[in-house]
4 protein chains.
Amino acid sequence: MPKFDVILKAAIKIIGQKGFHNAKIKDIASEADVADGTIYNYFSNKEDILVTIFRIKLEDYVNKAKREIKGVEDTEKKLEILIRHHFKVMSENPDLAKVLQVELRQPNKEMRTKVRLHLKNYFNIIETVINDGIAKGIFKKNLHIHLAREMYFGTLDEVISTWVFSGQHWNLNAHVDELTEMFTKAFS
Amino acid sequence: MPKFDVILKAAIKIIGQKGFHNAKIKDIASEADVADGTIYNYFSNKEDILVTIFRIKLEDYVNKAKREIKGVEDTEKKLEILIRHHFKVMSENPDLAKVLQVELRQPNKEMRTKVRLHLKNYFNIIETVINDGIAKGIFKKNLHIHLAREMYFGTLDEVISTWVFSGQHWNLNAHVDELTEMFTKAFS
Amino acid sequence: MPKFDVILKAAIKIIGQKGFHNAKIKDIASEADVADGTIYNYFSNKEDILVTIFRIKLEDYVNKAKREIKGVEDTEKKLEILIRHHFKVMSENPDLAKVLQVELRQPNKEMRTKVRLHLKNYFNIIETVINDGIAKGIFKKNLHIHLAREMYFGTLDEVISTWVFSGQHWNLNAHVDELTEMFTKAFS
Amino acid sequence: MPKFDVILKAAIKIIGQKGFHNAKIKDIASEADVADGTIYNYFSNKEDILVTIFRIKLEDYVNKAKREIKGVEDTEKKLEILIRHHFKVMSENPDLAKVLQVELRQPNKEMRTKVRLHLKNYFNIIETVINDGIAKGIFKKNLHIHLAREMYFGTLDEVISTWVFSGQHWNLNAHVDELTEMFTKAFS
DNA sequence: TATGAATGAGAATTCATTCAT
DNA sequence: TATGAATGAATTCTCATTCAT
């Protein structure tokens with residue numbers, strides 16, 4: 001694995017487990033089995049690591065999500081696929097889930113600006129689906145799209161959050177159908 | 001105002017604006033117009049400030065929320081009141097909103113344990129309402145209560161989050177009715 | 001008991017147990033059951049407490065020691081009485097023993113100067129006895145008095161030290177005769 | 001000189017002159033001509049510096065002392081060599097002498113426990129010589145070994161203490177023979 | 001005198017970042 | 001590129017001392 005990827009993976013693990021502020025460069029370097037200084041050959045500073053995680057992982061998330069719903073016609077089916085995809089990504093890498101969950105809320109203004117850029121595409125997917133649902137008459141005409149998107153992401157966030165913080169003891173997939181139904185009703 | 005309250009208020013402002021890690025004791029002391037050391041006459045350490053904010057504010061939140069829905073019969077009405085109450089608290093003190101939104105998600109285990117205690121009562125309110133709705137036949141019998149609660153809090157969190165981070169330019173109350181309806185449908 | 005004495009007693013206890021640097025004014029005030037500020041009505045500062053302990057306790061020590069050997073003719077008997085007196089004082093108040101033992105060695109120059117003044121009289125007693133022994137022909141003519149005094153105090157110090165630090169489990173008096181004999185031989 | 005040694009040497013000087021509590025990390029770093037933080041690459045904390053001084057210096061002391069009396073038959077001669085060695089070490093580094101003299105008496109329990117370990121070997125040397133003297137019939141059969149050891153170390157301690165605190169104006173070696181004789185008599 | 005809340009200078013320690021090798 | 005020792009600014013917390021009541 002290229003050193004860049006090794007470091008990024010290590011960073012996700014450490015930041016996911018300790019949080020950005022408590023994750024020390026030394027820890028990440030240790031985990032990646034490189035020297036502290038090496039990290040600075042691939043990232044300009046600690047913050048850059050976090051931003052890069054968002055950039056790459058969200059990009060990846062979005063690409064895969066788009067690919068998965070490509071060709072699917074049914075709006076509700078799309079919703080279900082997206083939720084399942086979300087849970088899959090988060091289940092497969094709980095550390096990443098924590099990073100995205102927790103550190104997305106950086107109070108640092110600069111960082112939030114940098115992150116928001118990548119969030120847009122992330123938001124776009126679900127908004128497109130919602131719009132599609134409205135166009136098809138499945139969702140109500142006057143559905144407030146932002147509100148719907150906030151409900152969608154907020155709910156998934158909270159579900160993941162609970163799952164992550166309580167030790168990932170149950171299977172997230174168990175709730176996909178139920179959630180799909182709840183969203184569909186809420187948006188109708 | 002008692003010095004304890006002065007310091008707490010200052011802490012909410014500073015932590016809300018800068019985040020816990022970037023809020024320096026000096027900043028809080030300055031804002032409260034006391035010496036650094038004075039803070040330690042009222043709080044045992046920095047973390048204790050944060051935990052105290054949670055304790056006091058969530059307690060207050062819960063007490064007021066309970067009072068507001070007391071005597072109200074209609075489940076949907078209760079839901080609406082709770083949402084309005086939530087938005088009111090957050091609107092009136094966006095800094096507090098940020099503290100609760102952002103810092104609640106600390107990956108620090110010790111802190112989360114301390115906070116969870118207070119969160120229970122906070123969660124209880126909505127779960128009680130949801131249960132009540134099920135009993136009355138307004139919500140579906142097999143509604144997954146935890147999931148419903150997660151949808152409720154996740155959504156409000158996300159709405160507040162967006163509102164808080166984008167500069168609080170619009171009126172939160174505008175969406176109370178819409179959200180009430182969405183939840184009601186989702187839970188039916 | 002006058003407040004001055006109460007505070008002094010408390011200070012000896014706390015400083016004896018924790019050492020000067022780790023003894024907090026708050027601890028001493030607590031032990032004396034007075035407010036922190038009250039201490040400053042009787043002592044000008046923390047250092048003054050320590051110096052005062054030396055002044056009063058050494059004075060007392062010297063006065064009593066002098067009284068005890070008054071009228072005694074036999075040099076060896078005087079030696080024995082002094083050792084017994086030393087052990088008695090230290091046994092009766094191990095905290096005081098610790099203070100005198102440990103804190104006498106303050107690296108702080110100013111303080112040492114202040115303390116040395118009181119030490120002189122303390123040293124004088126044994127030097128007088130040694131001189132007397134030389135005059136009587138019991139001790140050798142060319143005995144180096146300072147060296148003899150250093151042996152005397154150094155030895156007692158070390159015995160007390162061991163006794164104090166190992167928890168005062170045995171009776172100091174058991175060794176008085178043996179020590180008297182050893183000193184007498186060493187000085188002969 | 002390895003940085004570890006540079007720092008240790010600087011620490012001995014500064015702690016010797018100011019005492020442990022008044023020696024600031026900044027002072028030691030300055031003296032060693034390194035940054036404050038560098039010290040923490042070699043020592044885990046301030047106390048560790050002190051303990052390390054004890055460990056290394058006492059080890060060194062013991063090794064050299066053992067080597068010096070190796071092969072010497074005469075007990076009195078051994079005694080003389082040990083005293084001379086003691087004075088030599090202390091004369092050559094009065095700051096070290098102060099550290100050992102003063103800081104060894106820390107009332108801090110943890111530290112004393114750590115130090116006592118190293119002291120054991122230090123005590124052993126003289127006890128071995130004393131035992132040897134008894135076996136050879138030079139010292140009296142019923143000599144109380146601990147008491148003798150306490151007299152030996154207490155006396156040397158006190159002599160060094162006086163010498164160190166009064167400015168090291170005279171030559172310690174001048175008293176070696178006299179002391180040897182005094183001990184020999186005392187133990188006979 | 002007695003109080004104890006308030007003060008703020010001071011100190012140990014941490015850790016992101018640099019840079020000579 | 002890779003290293004990791006060195007850096008030193010930055011930060012939390014302590015505690016002797018003061019002073020208004």
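Just so it is clear: chains get the letters A, B, ... in the order the sequence lines come, proteins before strands, and each one is counted from 1.
Regarding A/Asn45, its CG atom lies at a distance of 17 Å from the P atom of E/dC15, rounded to whole Å. Residue C/Phe4 contributes atom CZ, which lies 13 Å from atom P of E/dT1 at whole-angstrom precision. Summarising the geometry, the separation between CD1 on C/Ile25 and P on F/dT18 is reported as 11 Å, rounded to the nearest angstrom. Between A/Ile28 atom CD1 and F/dG4 atom C1' there is a gap of 17 Å when expressed in whole angstrom units. For D/Tyr40 and E/dT13, the OH to P distance is 4 Å, given to the nearest whole Å. D/Phe43 places its CZ atom 15 Å from the P atom of E/dA12, with the value rounded to the nearest Å. For B/Asn22 and E/dA16, the CG to P distance is 13 Å, given to the nearest whole Å. Whole-Å rounding puts the C/Asp27 CG to F/dC15 C1' distance at 10 Å.
Looking at heavy atoms from C-beta onward, D/Tyr42 lies out of side-chain contact with D/Asp48 at the 4.5 angstrom threshold.
Counting non-hydrogen atoms under 4.0 angstrom, B/Ala29 reaches nothing in the nucleic acid.
A cation-pi arrangement is present between A/Lys46 and A/Phe20, with the terminal nitrogen or guanidinium carbon under 6.0 Å from the aromatic centre and inside a 45° cone about the axis.
Of the possible donor and acceptor atoms, none in the side chain of A/Asp60 sits under 3.5 Å from a partner among the backbone N and O of A/Lys57.
Listed here is the closest heavy atom pair of A/Ile160 and A/Ala97: CG2-CB, 4.1 Å. When every heavy atom of A/Gly16 is checked against every heavy atom of A/Lys98, the shortest pair comes out as O-CD, 3.0 Å. Between D/Ile14 and D/Ala23, the shortest heavy-atom contact is CG2-CB, 3.6 Å.
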Using nucleotides 6-10 of chain F, report all nitrogen or oxygen pairs with the protein that are shorter than 3.5 Å.
residue: F/dA6; atom: OP1; partner: D/Lys3; partner atom: NZ; Å: 3.3
residue: F/dA6; atom: OP1; partner: D/Tyr42; partner atom: OH; Å: 3.4
residue: F/dA6; atom: OP2; partner: D/Tyr42; partner atom: OH; Å: 2.3
residue: F/dT7; atom: OP2; partner: D/Ala35; partner atom: N; Å: 3.0
residue: F/dT7; atom: OP2; partner: D/Thr38; partner atom: OG1; Å: 2.5
residue: F/dG8; atom: N7; partner: D/Gly37; partner atom: N; Å: 3.3

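Put simply, the residue from D/Thr52, D/Ile53, D/Leu58 that forms a side chain to side chain contact (heavy atoms under 4.5 Å, CB included) with D/Ile56 is D/Thr52.
Counting heavy atoms of neighbouring residues, nucleotides and ligands inside a 6.0 Å radius, atom NZ of D/Lys24 exceeds 12 of them.
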**OP:** Take A/Asp36 and A/Lys26 through the test salt bridge (Lys or Arg N to Asp or Glu O under 4.0 Å) and record every step on the way to the result.
**Re:** CA-CA 6 Å; A/Asp36 298 14; A/Lys26 243 189 177 33; 3.0 Å; yes

Original post:
If pairs are Watson-Crick or G-U with both distances under 3.5 Å, what is the dot-bracket string of DNA chain F, marking crossing pairs with [ ] and pairs to another strand with |?
Top reply: .||||||||||||||||||||

